[in-house]
Amino acid sequence: VGPRITESMSKQVGEVLFDQGIRLEKAGATHAAIMAYTSAIEEPFTNVEQRTDAQIRLGNLLLWAEGPYAALPYLEAVAREDEHSIWVYLPLCEALLQTNRTEDCLRLCSEWFERAERLKDMRQKADAKLLQGRAYLSQNDSEQALQAFLVGQQADPGLLGLDGAQGVG
């Protein structure tokens, strides 16, 4: 009985560290959360989605705490999975934009938008177009940027703060 319990517990170490990372992140302890998520993804998980979520959370925290180059390996690893989470796109595209990998960002924004459309997720569609518009702006293509922003605004009228709450003029 003893070895089976120990073996079963060792398979859940990743989940325990993942939960600890979430608690630390919510408490604002960014660096401690980064350490917890980093430790978590090095351990076995019984739930593959939680492992993916740990990688995305780690990548997102690293993006803002240490910069895009620290985040990219984790975010790109998730994006290479066959059925990756839609939640990887926002931090991944942001990191790509910050590292001047604009073409990669544009390609992923199109993929992201199409996936959000299939899922009927209006917020994800809007975010995809917002990042796409920013990528076009970084290429000095204001016409394409405007088109992307307008599509994003149609998907989620509150996206750019232009939801009609304030009058023009």
Side-chain angles (χ1 to χ4, degrees), residues 1-99 101-135 151-152 155-156 158-159:
V1 174
R4 279 190 270 155
I5 291 173
T6 305
E7 183 180 322
S8 174
M9 288 173 55
S10 70
K11 289 181 181 175
Q12 296 177 1
V13 171
E15 280 93 345
V16 171
L17 289 167
F18 170 70
D19 289 341
Q20 180 183 13
I22 290 173
R23 284 192 299 280
L24 291 165
E25 185 179 349
K26 287 180 179 177
T30 301
H31 291 290
I34 287 170
M35 290 174 46
Y37 291 138
T38 301
S39 296
I41 63 172
E42 293 173 1
E43 298 294 335
F45 274 78
T46 56
N47 182 329
V48 176
E49 285 97 22
Q50 280 189 328
R51 184 179 203 294
T52 297
D53 195 20
Q55 286 177 284
I56 294 170
R57 286 174 173 272
L58 175 60
N60 194 47
L61 288 177
L62 287 170
L63 175 63
W64 301 112
E66 298 179 20
Y69 291 104
L72 277 170
Y74 300 102
L75 298 171
E76 287 181 316
V78 171
R80 282 191 297 271
E81 296 172 5
D82 287 336
E83 291 296 320
H84 60 270
S85 170
I86 195 167
W87 296 102
V88 74
Y89 287 108
L90 181 61
L92 176 55
C93 289
E94 180 65 44
L96 292 170
L97 204 52
Q98 288 183 27
T99 56
R101 290 177 51 190
T102 311
E103 291 303 319
D104 290 334
C105 179
L106 288 169
R107 178 182 51 77
L108 285 172
C109 283
S110 294
E111 180 182 303
W112 180 12
F113 183 82
E114 290 170 13
R115 186 149 172 220
E117 203 162 46
R118 285 192 308 273
L119 295 171
K120 297 180 181 7
D121 187 326
M122 302 309 276
R123 183 58 198 208
Q124 291 282 347
K125 284 173 60 173
D127 285 342
K129 287 300 178 179
L130 176 62
L131 265 287
Q132 186 179 54
R134 288 180 51 216
V151 172
D156 184 355
L159 176 69

**Student:** With a 3.5 Å cut-off and sequence neighbours excluded, list the donor-acceptor pairs that the side chains of residues 66-80 form with protein atoms.
**Tutor:**
from, atom 1, to, atom 2, distance (Å)
Glu76, OE2, Arg101, NH1, 2.9
Glu76, OE2, Arg101, NH2, 2.7

**Student:** Can you name the residues that form a side chain to side chain donor-acceptor pair (under 3.5 Å) with Thr52, not counting sequence neighbours?
**Tutor:**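 For Thr52, the residues satisfying side chain to side chain donor-acceptor pair (under 3.5 Å) (neighbours in sequence not counted) are Glu81.
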**Student:** Going by atom type alone, with no hydrogens or angles, which donor-acceptor pairs under 3.5 Å involve a side-chain atom of residues 20-31 and a protein atom two or more places apart or on another chain?
**Tutor:**
from, atom 1, to, atom 2, distance (Å)
Glu25, OE1, Tyr37, OH, 2.5
Glu25, OE1, Arg57, NH1, 3.0

**Student:** What's the shortest heavy-atom distance between Cys105 and Cys93, and which atoms?
**Tutor:**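 That closest heavy-atom pairing would be SG-O, 3.6 Å.
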**Student:** Taking only residues two or more places apart in sequence or in another chain, which ones pass side chain to side chain donor-acceptor pair (under 3.5 Å) with Gln50?
**Tutor:**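 Testing Gln50 for side chain to side chain donor-acceptor pair (under 3.5 Å), a comparison that skips the adjacent residues, returns none.
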**Student:** May I have the step-by-step check of side-chain contact (heavy atoms from CB on, under 4.5 Å) for Thr102 and Leu96, ending in yes or no?
**Tutor:** CA-CA 7 Å; Thr102 311; Leu96 292 170; over 6 Å; no
**Student:** Out of curiosity, Ile56 CD1 to Leu63 CG, how far, rounded to the nearest 0.5 Å?
**Tutor:**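 Spacing of CD1 (Ile56) from CG (Leu63) equals 13.0 Å.
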**Student:** State the CH2-CG distance between Trp87 and Asp127, to the nearest 0.5 angstrom.
**Tutor:**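 Between atom CH2 of Trp87 and atom CG of Asp127 there are 8.0 Å.
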**Student:** Can you list everything that forms a ring-ring contact (aromatic ring centres under 6.0 Å, His included) with Tyr89? Sequence neighbours excluded, please.
**Tutor:**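 Partners of Tyr89 under the ring-ring contact (aromatic ring centres under 6.0 Å, His included) test: His84, Trp112.
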**Student:** Between Cys109 and Ala128, what is the shortest heavy-atom contact and its length?
**Tutor:**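 The answer is SG-O, 3.7 Å.
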**Student:** List the steps, then state whether side-chain contact (heavy atoms from CB on, under 4.5 Å) holds for Asn47 with Phe18.
**Tutor:** CA-CA 11 Å; Asn47 182 329; Phe18 170 70; over 6 Å; no
**Student:** How many angstroms lie between CG in Leu62 and CD1 in Ile34, if you round to the nearest 0.5 Å?
**Tutor:**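 Answer for the CG-CD1 pair, Leu62 versus Ile34, is 4.5 Å.
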**Student:** So which atom in Ala135 and which in Leu97 form the shortest heavy-atom distance, rounded to 0.1 Å?
**Tutor:**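 For Ala135 and Leu97, the tightest heavy-atom pair comes out as CA-CD1, 3.5 Å.
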**Student:** Hey, does Glu103 have a side-chain heavy atom less than 4.5 Å from the side chain of Leu106?
**Tutor:**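 Yes - at least one pair of side-chain heavy atoms lies under 4.5 Å apart.
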**Student:** So, are Lys125 and Asp121 salt-bridged, with charged N and O less than 4.0 Å apart?
**Tutor:**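 Between Asp121 and Lys125 there is no salt bridge, as every charged N stays at least 4.0 Å from the carboxylate O atoms.
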**Student:** State, with a plain yes or no, whether a side-chain heavy atom of Glu43 is found less than 4.5 Å away from one of Leu17.
**Tutor:**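 In contact.
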**Student:** What are the two closest heavy atoms between Val88 and Pro91, and how far apart are they?
**Tutor:**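 Minimum heavy-atom separation between Val88 and Pro91: O-CD, 3.4 Å.
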**Student:** Quick one: salt bridge (charged side-chain N to carboxylate O under 4.0 Å, His left out) pairs with a partner in residues 87-98, sequence neighbours left out?
**Tutor:**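 Counting only pairs at least two positions apart or across chains, the salt bridge (charged side-chain N to carboxylate O under 4.0 Å, His left out) contacts touching residues 87-98 are Glu94-Arg134.
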**Student:** Can you tell me how far the CZ atom of Arg115 sits from the OG atom of Ser110, to the nearest 0.5 Å?
**Tutor:**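 OG of Ser110 is found 14.5 Å from CZ of Arg115.
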**Student:** Return the CZ to CG distance between Arg123 and Asp156, rounded to the nearest 0.5 Å.
**Tutor:**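 Here the interatomic distance stands at 5.0 Å.
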**Student:** When rounded to the nearest 0.5 angstrom, what is the spacing between CG in Leu108 and CD in Gln132?
**Tutor:**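 Answer for the CG-CD pair, Leu108 versus Gln132, is 11.0 Å.
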